Structure formats: C-alpha cells, structure tokens
Amino acid sequence: MASELTRIFFLNVNEKIKTFFLLLVIIFLFLIPQLLFIEHESTVNDETLYVWYVKEIRSDPVTLFSREIWQFHPPFFSAIASTLFWADPLVSVRLVSIILAVIAILLTFYLGSRLFSPFVGLFSAGLLASNVLFISTAHHGLLDSTMMVTALAIGVGMFHLPKKEGWGLIIIGTLLALLSKRSGFLIFGLAGVLLFIYYFFENKKKITQKMIMGGVLFGAILGVWLFFLRLFDHDIVTFYDYSKGFGTIAIQSIRIISKSIPLYYFPFFLLGLFYMRNEKMKLISIIVWIGVFVGLIFFPAFDPRYWLPVYPVIFWIMAVGVEKVSVLNPLLRKGLPLFCLGLILPGLVYGIYIVSHSYGGIGYSDTGKWIGENASTAVVYDGLKREIRYYSGIELDEWGGGIRYYPPTPEEFVAQIRSEKRPIFAIVGVTYNFFGPFYQTDAFLLQQGFEKVHSVYRILDGKETEVIRVYQYGNQNRKS
C-alpha cells in the first residue's frame, strides 16, 4: 500500500532520485530567506547573548571557561560559532544555527523514511522546513536547533542499535545536548527512557550487572553535570516561578503552540495515532518522546521553541495519517501531491516574509554605539540589555557595569532612579515596553524628569520610522 502511494506521488519516476530531488528543493527553499537575510539586524535577546559569547571567546579564548560565560548556558554552540573567524559574530551564530536546522530536516526525513515510508519522511521534512516557528528560530541563531539535532541523532542511534554506530550517535547526541543548553538534561532523559524501552520491552533483556553499572554511570553523569552547572550559578530546579498556577500556565502555553502548529493538522495527527495502534513499540517510543518535553508547557518561562524537538515526531504521525487516508480512495491518491504542496509551499514562501519583517532589536547597533560614546559611566535601563551590552561594550550591572533591566513595576523604577547618584539613561523600543503603549511610556518618563536625547530611525515598510528613543535623567533633571 505504501509503495503504491509512493509510486503515485513520485509519478513513476525512479523513487530514490525523485525523493532526493524533492528533498533538495525543500532545503533550497528553506535556505533562501535564511541566507538572503543572514545579516538582517533584527535580533532576539538570547541570540545576542550567544553573539556576545562569540565576541568574548574570540578576544580571549580563556573566557570560554569563565563563570560569566557559563552563567546561562553551556557554551558549546557559541564555541563552534567562534571558530568561523571570517564572519562577524552575528553571522557566525546564525550560520551554525542554519546548518543545524538543515541537519534537523535531513534527520527528520531519514528517520521518517526508515521508520515508516519515503512519503512520511519527505512530507514530514517539508512540514518542518515550512514551519513558521522553525524558520524563525533557525534564522535567529538560537540553541533550539541544537536540541532538535541531538534528539534526532539519538533517534537515529536507537534505530541502529545494537551496532556501534548506534551507540556512537546516542552518546554524541547526549553529550552535545548537555554541552549546549541547560535543558539538555531532557535529551539525556529521552535517551535513558528509550534505551530502557529498547532493552526491557522490545528485546526482553534480563537485568544484568553490566546494566546496573550502566544505570549507575548514567545517573552519575547527570549528577556531575548538574553539580558542575551549579558552580556557575545555574538554578536548574527553582529557575521557574510557579505562582501563576499550573493550569493557567498550561492553557497559555498550549495556545502559543497552536499558533505555530495549525489546528487543522490535528485530525491527521489523530488518524496517524489510530493507524499506528498495532505498532506498539513505535507508539510507545513516540509517546515517550513527546512526554519528555510535555512538562515544559507548565512553566511560566515556557517558549514554544523549547518544544521544537517534538515537532518531527508530530509531523511523522500526521504524515502517517495523510498517507493511510490517501490510499483508501483513488481520487484522494490523485490529489495527494497538490495537498502536500498546499501545506508546504505557503510556509516556505511565508518564511521570506517572516525573516525579512522581523523587527525585534532593530536599531540597537546605532543605539549601542551612541550609548558607548555618551553613557559609558551611567546607569542604562533597557528591556534588551544584552543587545546594549554587545553593541555598546558596556558591561551589565551585575558584572560591574551600568546596563540594567527595567524593574518589574514603575514604582520600583521610580525608587531606583531617585536613589541613584550616577547619570541615568532609559531606552525605549517600538517592539517592547514596560509601562504601557509607546506614547504612555514617553509620557511616564517625561513626567519623572527624563528628557529625550537621542532617536534612531529605520525604513520599515517603506516609511522612515522611529524605532528607538533614548531618555536621560541626569543630575540637572533630578526631582527632589
């Protein structure tokens, strides 16, 4: 049945050549916006942190082992990017992220093809490459591409067990996850649970001394890793604020995820699960894969991109549903290519718009330069303090500099500026603010005695637009 569908979809052309060609087309279309706008100045907060890492590592490689570098995430990702000496730090970070994203597409295709069929592999790779969140995350040089690759590498390794290359991929994937992001322990846990299923359910192995030693070693590695991160001020366990309540947080998180995975995918996903009901090992492994990450949606700090390692699994199941339904009716089989193109091509084309119209952090290169020249000894408040640190060269407040986040409430902000002895600057951008809409922020700062001293403009949608305002609350403006 699957082979019949594959022949229809590939129009009786040699299957391997046709599959390879279509996969290359998908990757090519994915890469167009990524490479075309790789120098686009829009940044996100985490991306700028990794760019700063690269800058610091290049200037002094010893900083790779400093507490300041390890404070937020293990720096393997940035260490790799720092070796691309011919590119500036921002481009280096994005290149590594794009390469990892392409590897994720290839591994999604490979595993989907080996576990199910060439159609499932190709269709799921296309769904991933055209996914809005995946496109944006890959462009912005974030660590989530690394997490996807490591999870998929472990999946490929499981497929090749008990061969040495299978074990090699599992070990490499796990180590890269632990060395790239603090949530790498989830990938570590995924590998552990999948190995448990493989040995005790699929192969019905009895517990041996070697297995016990392996489990102890597994736990010891995780314990040492957590202890090591703790030395660098990581707070793995109490990092999240649970005060909002799990129910509210989960509902908000599911709403956010639904914006990146269209709800009309859901019926095909359910169909895929239905048709997989007799393939118990695949079904259990997939449920485990999703289950390892599902707890993330309960955390207030949850971002949909943290769930990206689950997307290939969701798309495999959906592709299985589409494939099985299509073979039931000749008319459906004939319409399958158009249906697939209708789901994949719009996302790939829309990717160009997403990347080119990303305005977060825009204008910070000029703002940072101005701050560096005019406020090097001042306190500088901003919501994107990592951007200002990178472009101004001024260190963060907690590391002896003057760059600070705005406090949680306007009242705290007022109390801080009234007690501060140094000159004070406040930066307001169009993509965020902390006291209400843009004009209200302007009114609030002017009311406290601030004065606008600098503006940065960019051409947005054909119009010259003010994107950043800088206010000063110097000694001459202080209110008693």
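It should be emphasised that the depicted structure is a prediction, and the values quoted were computed from it without experimental measurement. Side chains included, hydrogens not; waters and symmetry mates left out as well; all remaining heavy atoms used.
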Exercise for review: Determine, stepwise, if the pair E323 / V120 fulfils side-chain contact (heavy atoms from CB on, under 4.5 Å).
Suggested key: CA-CA 7 Å; E323 182 181 50; V120 171; 3.6 Å; yes
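- Annotation: the span from T146 atom OG1 to F76 atom CZ amounts to 8.0 Å, rounded to 0.5 Å.
- Here the CG-CD1 distance, from L111 to I154, works out to 11.5 Å after rounding to the nearest 0.5 Å.
- Contact of the R94 side chain with the V51 side chain is not registered, since no non-hydrogen atoms from C-beta on lie closer than 4.5 Å.
- Contact between I403 and I388 at its shortest, heavy atoms only, is CD1-CG2, 3.2 Å.
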Side-chain donor-acceptor pairs of residues 31-39 under 3.5 Å, sequence neighbours excluded:
from : atom 1 : to   : atom 2 : distance (Å)
Q34  : OE1    : H139 : N      : 3.2
Q34  : NE2    : I135 : O      : 3.0

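- Between F315 and Y311, the ring planes lie perpendicular to each other; the angle is over 60°, past the 30° to 60° tilted range.
- No side-chain heavy atom of I468 sits under 4.5 Å from any side-chain heavy atom of R458.
- Of all the heavy atoms in S130 and G126, the pair that sits closest is OG-O, 2.8 Å.
- The line from CG of L127 to CD1 of I314 is 11.0 Å long, rounded to the nearest 0.5 Å.
- For the side chain to side chain contact (heavy atoms under 4.5 Å, CB included) test, residues two or more places apart in sequence or in another chain that qualify with I26 are L122, A129.
- Interatomic distance, L115 CG to M276 CE, rounded to the nearest 0.5 Å: 8.5 Å.
- Checking side-chain atoms of W316 against main-chain N and O of G272 turns up no donor-acceptor pair under 3.5 Å.
- Sorted by first and then second residue, the ring pair (Phe, Tyr, Trp, His ring centres under 6.0 Å) pairs with a member in residues 86-109 form an empty list; sequence neighbours excluded.
- Residues satisfying the ring pair (Phe, Tyr, Trp, His ring centres under 6.0 Å) criterion with F339, sequence neighbours excluded, are F268.
- The structure places CG of L107 at 9.5 Å from CE of M148, a figure rounded to the nearest 0.5 Å.
- Annotation: side chain of Y390 is in contact with side chain of K55 (closest heavy-atom distance under 4.5 Å).
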Practice item. Start with the C-alpha gap between V132 and Y350, add the side-chain angles, then the distance that decides, and say whether side-chain contact (heavy atoms from CB on, under 4.5 Å) holds. Key: CA-CA 8 Å; V132 173; Y350 186 49; 3.9 Å; yes
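- E56 has its side chain out of reach of S82: every pair of non-hydrogen atoms, C-beta onward, lies at least 4.5 Å apart.
- Of all the heavy atoms in R58 and A81, the pair that sits closest is NH2-O, 3.4 Å.
- Inter-residue side-chain proximity for F77 and S97 is flagged as met; some heavy-atom pair is nearer than 4.5 Å.
- Looking at heavy atoms from C-beta onward, V96 lies out of side-chain contact with Y50 at the 4.5 angstrom threshold.
- Separation of atoms CZ (F274) and CD1 (I317) is listed at 15.0 Å; rounding is to 0.5 Å.
- Shown here for N131 and L133, the closest heavy-atom pair between the two residues is OD1-N, 3.1 Å.
- Residues P118 and S113 share a closest heavy-atom pair of CA-OG, 3.8 Å.
- Looking at E387 and I427, their side chains never come closer than 4.5 Å, going by heavy atoms from C-beta outward.
- In this structure, L128 and A104 approach most closely via the heavy-atom pair CD2-O, 4.0 Å.
- For residues 120-145, the pairs satisfying salt bridge (Lys or Arg N to Asp or Glu O under 4.0 Å) are D144-K181, D144-R305, with sequence neighbours left out.
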Exercise for review: Please report the C-alpha distance between Y110 and L152 in whole Å, then the side-chain angles of each, then the deciding distance to 0.1 Å, and finally whether the side-chain contact (heavy atoms from CB on, under 4.5 Å) criterion is met.
Suggested key: CA-CA 10 Å; Y110 177 81; L152 288 166; over 6 Å; no
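- In this structure, the side chain of S124 does not engage the main chain of P312 through any donor-acceptor pair within 3.5 Å.
- Checked by atom type and distance alone, the side chain of S42 never pairs as donor or acceptor with a backbone atom of H40 at under 3.5 Å.
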Exercise for review: Begin with the C-alpha distance, continue with both residues' side-chain angles, and end with the deciding distance and a verdict on side-chain contact (heavy atoms from CB on, under 4.5 Å) for L396 and K385.
Suggested key: CA-CA 8 Å; L396 302 181; K385 67 177 184 178; 3.9 Å; yes
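- Counting heavy atoms from C-beta outward, L345 and L29 have side chains that approach closer than 4.5 Å.
- Considering T43, V467, D382, T48 in turn, D382 is the only one that fulfils the side chain to side chain contact (heavy atoms under 4.5 Å, CB included) rule with Y364.
- Residues forming a ring pair (Phe, Tyr, Trp, His ring centres under 6.0 Å) with F30 (at least two apart in sequence, or on another chain): F134.
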